[in-house]
Amino acid sequence: MEKRSLAKWEQKKYTDAIKCMFTKSTLTTRKEPGARHRFDDFCGVHVRQTDNIHLVGHFLPWHRLMMSVYEEYLHAECGYDGAIPYWDWTLDSGVDEFPKSPVFSPSAFGGNGDFIAIDPNNTAEVVEDALKTDNSLDSTLTGNSTAYNPHCISRDFVPSLSHVLSKDNVKRTLSYPDFYHFDYFLQGEDFIRSGFNQSEFGVHGAGHFVVGGTLGSMGSQYSSCSDPTFYLHHAQIDRLWWLWQMQNPRKRLYEIGGPVDPVPFFGPVPISTRNVTLDFPIDLAELTAPWKITFGDMMNTLGGPLCYDYICYLFPFSKNST
């Protein structure tokens, strides 16, 4: 369900469950020496696998797996009985609207916080806030590292980028007739191939950078998952994939495509000779061992190991919803 549909007590149940994850012991310290709690475990797995799960054909199945396992841990370890809410950022698209999103209310996930200078030679506005009521909500992983590095969640709002998250752009993303081009546009691979032209941003990247900017947590390709809004954003990304599938489920429910090898951020783009298939294995390391999971297992949200659904409409809430 969309964040705006949550009653106040439902919002509190969800945020309490996130706080609970910070109290559960880690399962991954052998591979993630800096991890100190279960929330770190998930972020650490994302850090470790980032180079192989973005700008590839299995971007969506891998993140669907991450979201479903994260939700299962919220249920089993923290007594949460709801779903991860998605954030329909089309309702907050606009320079003036974005900072006022209910996602950033004090009772939800906090806003841009107070300015904290990181470097006297760096004038970018970096802030700290977000679901922080005590030191237990400090993350310990940052950047492309699993070393112990305790820090507060930081944000660096870029409202001017929220135009990428518009209803028109979502409709354009959903209009592609095959998975390869839908996924390509959603991830924003043209942004990479165009030499970082912001007009080519996909909704996935824009959803990260509009919150995290250059220096905030959500702006990190690796450790963006240290900001709890990561999961709301990726629930929306997963929902868009589901909506694309539901436009023609007979054809699209098990349609997959795209390269196994990532598109590099710098240098020439290789012509991949390997394409993803439904029997390709995926995992979350220690968090899913010893389960054997393939892309095919992640295609149908009501089949195999998955059991969840979305309501089949694009824009169900008004901007006046709270």
Side-chain angles (χ1 to χ4, degrees), residues 1-7 10-18 21 39 42-43 45-46 53-54 58-75 78 80-93 98 101-105 108-110 130-131 153 162 164-165 167 169-170 173-174 182-183 186-188 202-212 217-218 224-246 282 284 287 298-302 305-317 321:
M1 53 191 150
E2 211 276 338
K3 190 273 169 202
R4 291 163 178 80
S5 71
L6 297 179
E10 291 175 311
Q11 173 67 58
K12 187 176 186 303
K13 282 179 64 176
Y14 181 62
T15 53
D16 283 350
I18 296 173
M21 293 283 275
F39 193 85
F42 280 88
C43 198
V45 168
H46 188 273
I53 57 173
H54 296 90
H58 49 283
F59 164 78
L60 286 169
W62 191 94
H63 283 82
R64 177 171 281 180
L65 174 64
M66 181 183 185
M67 298 292 292
S68 62
V69 175
Y70 178 77
E71 183 176 285
E72 181 60 30
Y73 272 88
L74 289 176
H75 293 168
C78 294
Y80 181 61
D81 59 1
I84 298 173
Y86 63 85
W87 171 25
D88 184 358
W89 19 246
T90 66
L91 302 175
D92 305 312
S93 176
F98 175 77
S101 169
V103 167
F104 304 119
S105 70
F109 300 94
L131 201 69
I153 298 165
S162 66
V164 180
L165 305 175
K167 293 180 180 180
N169 208 32
V170 165
T173 303
L174 294 172
F182 160 73
D183 180 58
L186 179 144
Q187 290 195 64
V203 293
H204 168 245
H208 278 276
F209 284 102
V210 74
V211 177
S217 302
M218 272 284 278
S224 51
C225 38
S226 64
D227 186 329
T229 61
F230 170 94
Y231 293 96
L232 277 70
H233 170 53
H234 270 276
Q236 167 76 341
I237 294 298
D238 184 71
R239 172 176 170 263
L240 294 186
W241 180 22
W242 181 87
L243 285 168
W244 181 85
Q245 290 179 306
M246 290 302 103
I282 50 175
L284 298 183
L287 297 175
M298 294 294 106
M299 303 301 289
N300 184 357
T301 63
L302 291 175
L306 302 177
C307 186
Y308 69 94
D309 211 349
Y310 297 99
I311 297 175
C312 198
Y313 40 43
L314 271 178
F315 311 117
F317 299 98
S321 301

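For this chain, numbers begin at 1 and follow the sequence in order. For clarity, every value in this text was computed on a predicted model and none was experimentally measured.
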(message) Can you tell me how far apart CG (L91) and CG (L165) are? Round to the nearest 0.5 Å.
(response) 11.0 Å
(message) Please enumerate all residues that pass salt bridge (charged side-chain N to carboxylate O under 4.0 Å, His left out) together with D16, with sequence neighbours excluded.
(response) K12
(request) Could you walk me through whether F230 and M66 pass side chain to side chain contact (heavy atoms under 4.5 Å, CB included), step by step? (result) CA-CA 11 Å; F230 170 94; M66 181 183 185; 3.9 Å; yes
(request) Calculate, to the nearest 0.5 Å, the distance between atoms CG and NZ belonging to L232 and K3 respectively. (result) 8.5 Å
(request) Look at the side chain of E71 and the backbone N and O of I84, then say whether any donor-acceptor pair between them is shorter than 3.5 Å. (result) yes
(request) Apply side chain to side chain contact (heavy atoms under 4.5 Å, CB included) to I18 and Y231, showing your working. (result) CA-CA 11 Å; I18 296 173; Y231 293 96; over 6 Å; no
(request) Measure the CG-OG1 distance between L243 and T173 for me, rounded to the nearest 0.5 Å. (result) 11.5 Å
(request) Find out whether F109 and Y14 are in side-chain contact, i.e. whether some heavy atom of one side chain is under 4.5 Å from a heavy atom of the other. (result) yes
(message) Can you confirm whether or not the ring centre of F59 sits under 6.0 Å from the ring centre of W241?
(response) no
(request) Check side-chain contact (heavy atoms from CB on, under 4.5 Å) between S68 and all other residues, then give those that pass, not counting sequence neighbours. (result) L65, L306
(message) Restricting to non-hydrogen atoms, name the atom on W62 and the atom on L284 that form the minimum distance, rounded to 0.1 Å.
(response) CZ2-CD2, 3.3 Å
(message) So which atom in V203 and which in H233 form the shortest heavy-atom distance, rounded to 0.1 Å?
(response) O-CE1, 3.6 Å
(message) Does any part of the side chain of F98, heavy atoms only, come nearer than 4.5 Å to the side chain of V211, both counted from C-beta?
(response) yes
(request) Locate the shortest heavy-atom distance separating H204 from Q187; write the atom from each residue and the value. (result) CB-CA, 4.3 Å
(request) Go through C78 and M21 one step at a time and tell me if the side chain to side chain contact (heavy atoms under 4.5 Å, CB included) criterion holds. (result) CA-CA 7 Å; C78 294; M21 293 283 275; 4.2 Å; yes
(message) Let me confirm one number: the CG-CG distance from L74 to D81, rounded to the nearest 0.5 Å.
(response) 11.0 Å
(request) Decide yes or no for C225 and V45: does some side-chain heavy atom of the first lie under 4.5 Å from some side-chain heavy atom of the second? (result) no
(request) Could you pull out the closest heavy-atom pair between D92 and P102, with the gap in Å? (result) OD1-CD, 4.1 Å
(request) For the pair T301 (side chain) and Y308 (backbone), establish whether a donor and an acceptor sit closer than 3.5 Å, ignoring hydrogens and angles. (result) yes
(request) Tell me yes or no: between the side chains of D183 and W244, is some donor less than 3.5 Å from an acceptor? (result) no
(request) Let me see the working for S101 and R4 under side chain to side chain contact (heavy atoms under 4.5 Å, CB included), right down to the final yes or no. (result) CA-CA 10 Å; S101 169; R4 291 163 178 80; 4.1 Å; yes
(request) Find the distance between NE2 (H63) and CD1 (I237) and round it off to the nearest 0.5 Å. (result) 9.5 Å
(message) Please find the pair of heavy atoms, one from S217 and one from S226, that lie closest to each other, and give the distance.
(response) CB-OG, 3.6 Å
(request) Quick one: pull up CE in M298 and CZ in R64 and give me the separation to the nearest 0.5 Å. (result) 8.5 Å
(request) Taking all non-hydrogen atoms of both residues into account, name the closest pair between Y310 and W242 and its distance. (result) O-CH2, 3.0 Å
(request) Just jot down the side-chain contact (heavy atoms from CB on, under 4.5 Å) partners of Q236, sequence neighbours excluded, or say none. (result) Y86, D88, W89, R239, L240
(request) Decide yes or no for E2 and W87: does some side-chain heavy atom of the first lie under 4.5 Å from some side-chain heavy atom of the second? (result) yes
(message) Under a 3.5 Å distance rule, please check whether H75 uses its side chain to pair with a backbone N or O of G82 as donor and acceptor.
(response) yes
(request) Please assess F42 against H46 for the test ring pair (Phe, Tyr, Trp, His ring centres under 6.0 Å), listing each intermediate value before the final yes or no. (result) CA-CA 6 Å; F42 280 88; H46 188 273; over 10 Å; no
